[in-house]
Amino acid sequence: MKRSTLIALKALTWAACLGPAVLLTYQAITNTLGPDPTANIELTTGYDTLLLLILSLAITPVRKLVPELLWLVKFRRLLGLFAFFYGTVHMLAYVALYAGFDINAMLADIAKRKFITIGAITWLLLLPLAATSTTWAIRKLGGKNWNRLHKLVYVAAICGVIHYWWQVKPGVLAPMNMTIALAVLLAARPALSWWLRRKARTAAA
Ligand code: HEM
């Protein structure tokens, strides 16, 4: 891939990732967030967090399947960090707009409503991943430990999907797409390892 193409693709990715934040800010300034602005902010940021998380998880299997797409790896950290960004805006919007910065009300809500409990767990799982996303942290932790820690992203994605299911009304199937996407990605890991091992064995024979 040419350097200029990579730079253009990175710029496009930045624009696409910033899009929802810019739109929400514009809608907030112009008072066009709709009849329930708080829910609009919360639902948009929650959805985008999970979407970006799942997109970042898709990069490794795709590049393993298509070796020509190795350059995709350069986008994984960007997508992961934007997932954390939206997850943090989502969490802060809850703290400010739903709980009104009332710590006791928040703790009671976390204890009482299981979808809030798992949402908080999901955000807490993303925190160490974002904190160790720098090249310095990778060097400090060592590749093996870093890889082990970053497996947590799968746990976070599973918790995020459960949070989504527990948040919708019974019978609403909106979280199904994300659930199927995540299930495919989870199954792709062992399936691809097996396929690549078999390919290597056949090539060596
Ligand atoms: C402290 C952490 C979190 C809290 C308190 C929280 C709270 C909430 C609340 C209150 C809603 C419902 C909004 C409404 O119905 O008006 C919601 C929706 C949602 N949240 Fe979270 N959440 C948290 C973390 C996360 C994280 C880390 C993710 C993703 C990995 C996430 C993904 C979602 C999704 C996908 C929705 C539904 C969006 C939709 O229906 O389109 N949340 N969350």
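Start at 1 and go down the list; that is how both ligands and their atoms are numbered. Computed over heavy atoms, backbone and side chain alike; hydrogens, waters and symmetry mates excluded.
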Main-chain N/O of Ile41 paired to Thr44 side chain as donor or acceptor, under 3.5 Å: no
Ile103 side chain near Leu107 side chain, heavy-atom distance below 4.5 Å: yes
If only protein N, O or S atoms under 2.8 Å count, total around atom 21 (Fe) of ligand 1: 2
pair Tyr94-His90: side-chain heavy atoms closer than 4.5 Å: no
Of all pairs that satisfy side-chain hydrogen bond (donor to acceptor under 3.5 Å, both in side chains), the ones with a partner from residues 148-175, not counting sequence neighbours: Thr132-His150, Trp146-His150, Tyr154-Arg189, Trp165-Thr179
Atoms of ligand 1, numbered as shown, that sit under 4.0 Å from any heavy atom of Ala39: 16 (O)
Test item: side-chain donor near acceptor, Asp109 and Tyr98, under 3.5 Å: no
Non-hydrogen atom of Ala120 closer than 4.0 Å to ligand 1: yes
Top protein contact for atom 38 (C) of ligand 1, by heavy-atom distance: Leu43 O, 3.5 Å
Closest protein heavy atom (residue, atom, distance) for atom 14 (C) of ligand 1: Tyr98 OH, 3.2 Å
Evaluation steps, side-chain contact (heavy atoms from CB on, under 4.5 Å), between Arg77 and Thr135: CA-CA 11 Å; Arg77 174 159 65 179; Thr135 316; 3.7 Å; yes
More than 12 heavy atoms from other groups under 6.0 Å of CZ on Phe115: yes
Parallel, tilted or perpendicular: rings of Phe84 and Trp123 (30°, 60°): parallel
